[in-house]
Amino acid sequence: MLYVLKVFLFSINHQTIKSKLMTNFQSNFLKIISDRGFIQDCSDFDTLDKLASDEKLIAYIGFDCTAPTLHAGSLLQIMLLRWFQKTGNKPIVLMGGGTTKVGDPSGKDESRKLLTSEIINKNMEGIKKCFSNYLEFGSKKSDAIMVDNADWLDRLSYIDFLREYGQHFTINKMIKFDSVQLRLEREQPLSFLEFNYMVLQAFDFLELARRYKCNMQMGGSDQWGNIINGIELGRKTDGLNLLGLTSPLLTSSSGAKMGKTASGAIWLDQERTPAYEFWQYWRNTDDQDVCKFLKLFTEVNLDEISKFEKIRGSELNEAKIMLATEVTSLCHGKEIALASEKVARDTFSDSKFSSDLPTTNLSREDLTAGVPAFELLNKTELVKSKAEARRLIKGGGFRINDKIIENELEAISDAAENQDGFIKLSVGKKRHLLIKLI
């Protein structure tokens with residue numbers, strides 16, 4: 001009975017720090033992100049609204065360096081930082097050069113692969129580039145700054161850190177966080193290394209408050225427990241009144257994770273995901289998600305978006321094109337976005353050939369004697385295996401130079417090269433690739 005009472009009291013205490021969503025905001029920041037669907041939880045809306053109205057907010061979002069760049073799943077947080085800055089507040093982009101060495105267990109069934117310092121630093125350089133088109137960096141009041149938590153985490157003395165800060169964290173509370181419960185419920189091991197992550201993230205918040213007067217942390221809803229830890233650590237050690245704000249974890253209407261496709265991640269770096277493929281990813285958005293994504297990932301006026309909310313079917317195509325072009329403009333620039341849109345319109349609407357489609361090189365010698373159609377398809381990234389290539393061809397889903405290939409064994413030679421020097425491969429109606437013979 002005593003244990004049940006303790007759990008109940010913890011639940012009550014935990015919930016009191018989570019404010020209900022308000023509707024009568026005074027600050028432009030909260031008005032905008034509320035109307036556009038960015039808000040999941042907040043620790044104190046009243047205080048946040050007042051500070052935002054006075055342009056006295058400094059907030060950060062952390063990005064661990066687990067990959068060479070960010071993918072489209074990170075765009076919601078990047079857009080949140082963008083709106084934060086556009087409404088007069090100062091954003092901090094925190095690179096996780098230190099925390100990546102531990103690995104965030106949030107939302108993971110198993111431990112992340114430990115990366116070397118060299119790989120982490122290389123990944124960090126790639127991730128930094130993702131913010132250049134979204135935020136203004138500099139020394140003015142609302143200019144963004146970028147910092148690396150390795151600057152303080154790498155210098156910590158373990159025993160001194162435990163003595164000074166470990167006393168403010170209880171195992172009783174930490175094991176109730178979702179990141180821990182997920183592992184325990186599925187009987188997956190949670191290493192002591194990972195268990196320290198939430199302590200280090202809380203210390204990040206405290207350190208940013210001390211160094212830069214940062215008074216708010218933002219992040220996805222899976223970070224709520226970690227954010228609360230930081231708020232409480234700041235209060236217990238320095239008497240600070242820190243704030244937390246989270247946004248929903250997004251999936252498409254089909255249940256797929258944002259930024260992921262059957263063929264892999266949609267990266268924000270053109271070298272990993274060409275601009276046309278990036279544009280096409282957003283063009284292929286499900287009808288049910290178009291208006292939601294326009295609100296979250298673009299700056300299109302809400303009145304204009306509302307015009308599409310009652311439209312269904314093919315009439316939504318222009319909204320999807322708008323979504324793709326606006327998102328690509330923010331990420332890669334307007335000129336590249338319009339060029340990607342033109343390629344799509346030429347390819348799909350006017351049935352024209354466009355040399356701006358994704359291209360791969362192939363030795364002419366490989367095709368001189370001719371190769372079976374399924375083998376040619378398997379040489380590309382359009383399929384993952386010969387078995388998939390065979391299934392596509394048997395189902396009528398593969399074309400060469402817009403001609404359906406009906407026989408998986410049909411020999412394809414360099415004679416298929418068109419006058420522009422390419423062979424165009426198409427899978428379904430929306431995925432295309434040019435082969436350049438060299």
Could you check Thr237 against Tyr165 for side chain to side chain contact (heavy atoms under 4.5 Å, CB included), going step by step and ending with a plain yes or no?
CA-CA 8 Å; Thr237 60; Tyr165 301 104; 4.2 Å; yes
Quick check: Phe203 with Phe161 (ring centres under 6.0 Å apart)?
yes
Salt-bridge test for [X] and [Y]: reply yes if a basic N is under 4.0 Å from a carboxylate O, no otherwise.
| X | Y | value |
| --- | --- | --- |
| Lys50 | Asp46 | no |
| Glu388 | Arg391 | no |
| Asp289 | Lys292 | yes |

Check whether any side-chain heavy atom of Leu75 lies under 4.5 Å from a side-chain heavy atom of Leu330, and answer yes or no.
no
Contact check, side chains of Gln77 and Ser247, non-hydrogen atoms, under 4.5 Å
yes
Please assess Arg210 against Trp152 for the test side chain to side chain contact (heavy atoms under 4.5 Å, CB included), listing each intermediate value before the final yes or no.
CA-CA 12 Å; Arg210 289 171 172 175; Trp152 51 85; over 6 Å; no
Within the side chain of [X], is there an N or O that forms a donor-acceptor pair under 3.5 Å with the backbone of [Y]?
| X | Y | value |
| --- | --- | --- |
| Thr246 | Ser221 | no |
| Asp148 | Gly97 | yes |
| Arg82 | Tyr134 | yes |
| Glu326 | Leu294 | no |
| Lys424 | His432 | no |
| Arg36 | Leu296 | no |
| Asn149 | Gly98 | yes |
| Arg312 | Asp287 | no |
| Asp238 | Gly234 | no |
| Thr100 | Cys65 | yes |

Take atom NZ of Lys129 as the centre, draw a 6.0 Å sphere, and report whether it contains more than 12 heavy atoms from other residues, nucleotides or ligands.
no
Around atom CD of Glu271, are there more than 12 heavy atoms from other residues, nucleotides or ligands closer than 6.0 Å?
no
Only one of Val147, Ile61, Ile127, Leu81 clears side chain to side chain contact (heavy atoms under 4.5 Å, CB included) with Val93; which?
Leu81
From the options Leu57, Thr47, Leu48, Leu243, select the one residue that forms a side chain to side chain contact (heavy atoms under 4.5 Å, CB included) with Asn215.
Leu57
Contacts of type side-chain contact (heavy atoms from CB on, under 4.5 Å), residue Cys291, not counting sequence neighbours:
Ile305, Phe308, Glu309
Roughly how far apart are Phe205 CZ and Tyr60 OH, rounded to 0.5 Å?
6.0 Å
Side chains of [X] and [Y]: donor-acceptor distance under 3.5 Å anywhere?
| X | Y | result |
| --- | --- | --- |
| Tyr281 | Glu277 | no |
| Gln217 | Gln223 | no |
| Asp64 | Tyr197 | yes |

Give the C-alpha distance, both sets of side-chain angles, the deciding distance and a yes or no for side-chain hydrogen bond (donor to acceptor under 3.5 Å, both in side chains) between Gln26 and Ser53.
CA-CA 7 Å; Gln26 301 302 308; Ser53 297; over 6 Å; no
Which class fits the ring pair Trp282 and Phe293: parallel under 30°, tilted 30 to 60°, perpendicular over 60°?
perpendicular
Side chain to side chain contact (heavy atoms under 4.5 Å, CB included), that's the test. Do Ile33 and Leu30 meet it? Break it down for me.
CA-CA 5 Å; Ile33 67 169; Leu30 283 176; 3.9 Å; yes
Might you work through the side chain to side chain contact (heavy atoms under 4.5 Å, CB included) test for Ser142 and Phe84, ending with a clear yes or no?
CA-CA 9 Å; Ser142 63; Phe84 186 72; over 6 Å; no
